[in-house]
Amino acid sequence: MNEQTVSSKTKMSIIAVALVAFSGILSETSMNVTFPRLEEVFQIPLSSIQWVTTAYLLAVSIVMPTSSYLNRRFQERPLFFAALLFFTLGDIVGMASVNFQMLILARLIQGVGTGIAVPLMFNIILLRVPRQHVGAWMGLGGMIMSIAPAIGPTYGGLLIDHLGWRLIFGLILIVPVVSFILGFKSIENSEKSQPAALDVLAFILMSLTLISLLLSLNSLTSTHFNWTWLIVFIISLILFIYRALHSEKEFLDIRVFRNSAFTLSVIAYSILQFSNIGANMIIPNYLQVSIGLTSALAGLALLPGTLVGALSNRSIGALYDRKGPKIGFWLGNSLFVLSLILFVIFTKQLGLISVIFIYIIFTFGRSMGFLTANTHGVTQVSRKEQGAANAIFQTGQQFAASAGTVIASLIATKSGNMTLGTHNVFLLFLILGLINFVLFYSILRKQK
């Protein structure tokens with residue numbers, strides 16, 4: 001890659017925005033390992049505690065679809081500072097939380113900030129990086145964000161064992177300060193076309209669709225399934241699709257789904273994220289509840305694998321630039337499925353060391369398929385459609401993460417004990433991994 005093709009200010013602006021997203025993801029993944037302790041603090045079950053993560057991810061997934069509109073309506077600097085403000089405010093509220101409701105509010109505010117920051121970073125890359133180098137720079141941005149889940153569980157585990165969960169929020173504040181300094185100096189505004197008015201009704205319908213689906217899934221933890229939320233989901237989804245296809249106002253151009261290669265890439269990408277976040281939730285809880293490890297050791301189990309995945313992102317992106325999607329799809333998903341087979345077969349024999357090694361395979365394979373699907377899907381549509389395509393990918397990522405947390409928590413709760421629950425969770429992920437082979441084969445058949 002010729003580094004001279006990308007200005008130093010562009011590089012710094014990508015890093016600055018990525019650090020805001022990094023902060024959000026760090027707070028998300030560091031909280032996962034605290035669930036057993038938070039159950040004791042707030043005296044509520046895992047099915048409720050998991051909303052600490054789910055509420056955050058839901059807020060991110062609701063805000064992200066507006067990114068196409070925001071990117072065309074507002075310049076980069078105001079968007080960057082808005083993302084920074086929302087995240088920092090949420091972080092302070094989280095640190096000061098005196099009850100569970102206040103903690104959930106903090107997570108929602110943080111989610112708004114991350115929901116603005118992540119697509120902003122990718123939009124800067126797509127706008128200012130030459131197309132032949134997009135894969136490598138998306139990999140770099142992804143690598144910065146991926147370092148957060150690498151250190152998040154260890155960071156959260158160490159703090160909750162020694163200093164308390166509030167400091168998880170407190171120490172993160174260092175990162176937004178660094179991001180502010182970098183972004184203030186480097187982020188430049190570009191000319192914006194005046195978009196149509198934001199379609200508020202479409203936004204409300206889409207938000208209702210996502211919320212009602214998660215609430216209907218979450219109701220499976222109770223004795224009676226809530227059919228009302230399912231009906232609300234179906235009706236709001238139908239109304240949203242109709243509104244999005246017929247409104248002259250701007251929100252999210254779902255016509256991009258007419259490109260089948262793009263659509264299949266989004267589905268495969270979402271499956272990988274669903275499995276990834278579900279695993280990141282269930283593994284630390286399994287190690288603490290079933291094995292009896294401390295929070296710090298449970299978090300440490302994810303560190304090597306996630307670091308490998310994070311540090312490989314740029315190389316995976318560069319590989320896509322040189323060789324196309326085949327290697328990333330086939331090799332990545334093969335490693336992903338292999339790790340899940342090992343998790344399923346040896347669940348009862350798992351210990352810290354075996355989890356570390358299997359999770360390395362899991363994360364490296366997931367990263368290959370994940371980044372390849374993202375890059376390939378976005379590059380299959382026109383430049384004009386890439387803003388909407390990017391928004392859809394990021395929304396799918398966050399909502400799949402929310403659903404992964406809810407479903408993994410549900411299975412663990414309903415299975416009777418954490419060991420059996422963990423086995424069943426990985427069995428589900430294995431089935432989804434096998435489905436991805438079919439999706440990747442179909443994508444390659446449709447390759448431009």
Side-chain angles (χ1 to χ4, degrees), residues 25-40 46 49-50 52-53 146-165 167-168 272 275-312 335-367 401 404-405 408-409 411-413 415-430 433:
I25 298 169
L26 179 63
S27 70
E28 170 211 334
T29 55
S30 60
M31 292 303 291
N32 283 341
V33 76
T34 68
F35 286 178
R37 186 67 57 84
L38 292 180
E39 287 182 70
E40 298 174 4
L46 177 62
I49 286 292
Q50 57 86 19
V52 170
T53 294
S146 295
I147 292 173
I151 65 176
T154 304
Y155 167 78
L158 286 170
L159 285 179
I160 200 164
D161 276 349
H162 301 289
L163 298 175
W165 62 270
L167 264 295
I168 291 175
L272 290 168
S275 305
N276 178 49
I277 300 301
N280 288 352
M281 191 283 288
I282 201 68
I283 290 174
N285 282 274
Y286 166 81
L287 291 174
Q288 290 176 81
V289 176
S290 296
I291 307 298
L293 297 184
T294 64
S295 299
L297 285 176
L300 181 64
L302 304 183
L303 177 60
T306 317
L307 274 176
V308 168
L311 297 177
S312 65
L335 293 172
F336 178 72
V337 167
L338 172 62
S339 68
L340 291 170
I341 291 173
L342 295 175
F343 273 131
V344 168
I345 293 175
F346 298 109
T347 306
K348 293 182 179 180
Q349 290 77 42
L350 289 175
L352 178 61
I353 301 302
S354 56
V355 167
I356 288 174
F357 281 105
I358 299 174
Y359 190 73
I360 289 174
I361 302 172
F362 174 89
T363 306
F364 183 70
R366 193 274 309 172
S367 295
T405 303
S409 165
I411 294 173
T413 302
S415 296
N417 62 74
M418 184 59 71
T419 301
L420 180 58
T422 302
H423 172 85
N424 292 337
V425 167
F426 283 124
L427 182 60
L428 171 62
F429 296 163
L430 174 58

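Below, each value reflects all heavy atoms present in this structure, side chains not excepted, and no hydrogens, waters or symmetry copies.
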field: Interatomic distance, Ile341 atom CD1 to Leu427 atom CG [nearest 0.5 angstrom]
entry: 11.0 Å

- prompt: Mind checking what makes side-chain contact (heavy atoms from CB on, under 4.5 Å) contact with Ile411, not counting sequence neighbours?
  reply: Ile407, Ser415, Asn424, Val425, Leu428

- request: Mind listing the closest non-hydrogen atom pair of Ser339 and Ile358 along with its distance?
  value: O-CG2, 3.4 Å

message: Please give me the minimum heavy-atom distance between Ala412 and Ile282, naming the atom from each residue.
response: CB-CD1, 3.7 Å

Can you give the donor-acceptor pairs under 3.5 Å from side chains of residues 343-352 to other protein atoms, not counting sequence neighbours?
from: Thr347; atom 1: OG1; to: Phe343; atom 2: O; distance (Å): 2.5
from: Thr347; atom 1: OG1; to: Val344; atom 2: O; distance (Å): 3.3
from: Thr347; atom 1: OG1; to: His423; atom 2: ND1; distance (Å): 3.4

statement: residues 284-293 vs side chain to side chain donor-acceptor pair (under 3.5 Å), sequence neighbours excluded, gives Gln288-Ser295, Ser290-Thr419

message: Quick check: closest heavy atoms across Ala301 and Val355, and the distance to 0.1 Å?
response: CB-CG1, 4.1 Å

- request: Apply side chain to side chain donor-acceptor pair (under 3.5 Å) to Ser27 and list each qualifying residue two or more places apart in sequence or on a separate chain.
  value: Arg107

message: For Gly278 versus Ala408, what's the shortest heavy-atom pair and its separation?
response: O-CB, 3.9 Å

- request: For residues Pro284 and Ala279, report the shortest heavy-atom separation together with the two atoms involved.
  value: CD-O, 4.1 Å

statement: By ring pair (Phe, Tyr, Trp, His ring centres under 6.0 Å), Phe362 pairs with (sequence neighbours left out) Phe336, Tyr359

message: Going by side-chain contact (heavy atoms from CB on, under 4.5 Å), name the residues that satisfy it together with Val289, two or more places apart in sequence or in a different chain.
response: Met418

Close side-chain approach of Thr363 and Ser367, heavy atoms under 4.5 Å: yes

- prompt: Nearest 0.5 Å, what's the CG-CG distance between Leu303 and Leu297?
  reply: 12.0 Å

